[in-house]
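Here the structure is laid out as structure tokens; the discussion comes afterwards.
We use all heavy atoms of the structure for the numbers below, so side chains are in, but hydrogens, waters and symmetry mates are not. In the text below, chain A, chain B and the rest are named by the order of the sequence lines, each starting its count at 1.
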Amino acid sequence: MRYWLLKSEPFKYGWDDLIAEKEGTWDGVRNHRAKNNLAAMEVGDQAFFYHSREGLEIVGICEVSVAGITDPTDPEGKWAAVKVKPKTKLPHPVTLKQIKAEPKLADCELVRLSRLSVAEIKPDEWSVICATAGI
DNA sequence: GCCAACGTTGGC
DNA sequence: GCCAACGTTGGC
């Protein structure tokens, strides 16, 4: 079981959209590192849902329901995608400010590579964020 | 709205 | 194969 963080701009596709759809396809990723992360995901992996540009906070947890599919929006079929289902809405969203203020999270991919849209979260980082979120 | 970080493109 | 120019992302 591995942990991830999925970034999305809430005005394009937010947590509420995922709830409404019940299952969302994570496609349109055009960054190699993010693609590698997508390709490494397995069914059952957990992922934080993070709102970028607006909100700047982790709002929920979703679970990979379908792994290893090719991006349906890519005509050449070179890019990867997964499907995710919403699992838990965080009782207390964890803001980027809180993440940056926590020394244990100082070198997670989210902080280090701020432009990466699909980041890996280490198990201990996952626990720290869950604790902060009140889970 | 600005700017830093990063990726991509294209001239050489 | 190098690097400058440009575009995009995302935090502030």
Side-chain angles (χ1 to χ4, degrees):
Chain A
M1 155 90 68
R2 296 173 74 180
Y3 301 101
W4 311 94
L5 181 138
L6 299 172
K7 254 192 218 180
S8 184
E9 302 172 5
F11 47 89
K12 274 192 192 160
Y13 188 88
W15 174 255
D16 292 339
D17 296 309
L18 182 63
I19 294 285
E21 277 197 329
K22 300 211 169 55
E23 182 176 55
T25 303
W26 217 265
D27 55 21
V29 171
R30 294 295 180 269
N31 171 288
H32 290 284
R33 185 156 187 154
K35 184 218 140 179
N36 288 343
N37 284 342
L38 277 178
M41 288 186 192
E42 291 177 10
V43 173
D45 282 1
Q46 312 282 299
F48 287 125
F49 193 113
Y50 174 80
H51 280 167
S52 63
R53 315 275 321 242
E54 280 181 15
L56 306 185
E57 58 189 10
I58 298 171
V59 290
I61 294 172
C62 49
E63 183 173 312
V64 177
S65 52
V66 183
I69 53 182
T70 49
D71 188 336
T73 67
D74 171 25
E76 296 188 43
K78 285 189 304 189
W79 296 95
V82 295
K83 289 190 182 187
V84 294
K85 284 182 175 172
K87 206 178 171 204
T88 315
K89 183 171 184 172
L90 300 190
H92 305 289
V94 179
T95 64
L96 183 64
K97 213 179 236 182
Q98 287 175 291
I99 292 167
K100 287 193 164 173
E102 172 52 67
K104 285 180 200 144
L105 301 175
D107 64 31
C108 64
E109 282 193 342
L110 174 66
V111 175
R112 260 189 14 241
L113 306 167
S114 68
R115 290 186 50 207
L116 190 64
S117 57
V118 182
E120 184 181 7
I121 301 278
K122 306 268 169 50
D124 52 334
E125 294 164 352
W126 180 272
S127 321
V128 171
I129 295 170
C130 283
T132 312
I135 295 181

Between [Y] and [X], is there a side-chain donor-acceptor contact under 3.5 Å, judged purely by atom types and distance?
X	Y	value
A:E23	A:S65	yes
A:T73	A:R30	yes
A:T25	A:D27	no

| field | Ring centroid separation A:W26 to A:F49 under 6.0 Å | value | yes
Might you list the N or O atoms of the protein lying below 3.5 Å from N or O atoms in nucleotides 2-8 of chain C, with each pair's distance?
unit_1, atom_1, unit_2, atom_2, d
C:dT8, O2, A:R115, NH2, 3.0

What is the distance from [atom1] of [X] to [atom2] of [N], rounded to the nearest Å?
X	N	atom1	atom2	result
A:E54	B:dG1	CD	C1'	14 Å
A:L5	C:dG10	CG	P	11 Å
A:H51	C:dT9	NE2	P	17 Å
A:I99	C:dG10	CD1	P	14 Å
A:R53	C:dC12	CZ	P	13 Å
A:K100	C:dG11	NZ	P	7 Å
A:L110	C:dT9	CG	C1'	13 Å

| task | Under the side-chain contact (heavy atoms from CB on, under 4.5 Å) rule, what do A:W126 and A:I61 come out as? Steps first, then yes or no, please. | result | CA-CA 11 Å; A:W126 180 272; A:I61 294 172; 3.9 Å; yes
| request: Looking at every strand, decide which applies to A:K97 at a 4.0 Å heavy-atom threshold: base, sugar-phosphate, or nothing. | output: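 No contact at all - A:K97 keeps every heavy atom at 4.0 Å or more from the nucleic acid.
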| message | Applying side-chain contact (heavy atoms from CB on, under 4.5 Å) to A:T95 and A:L56, what does each step give before you reach the verdict? | response | CA-CA 6 Å; A:T95 64; A:L56 306 185; over 6 Å; no
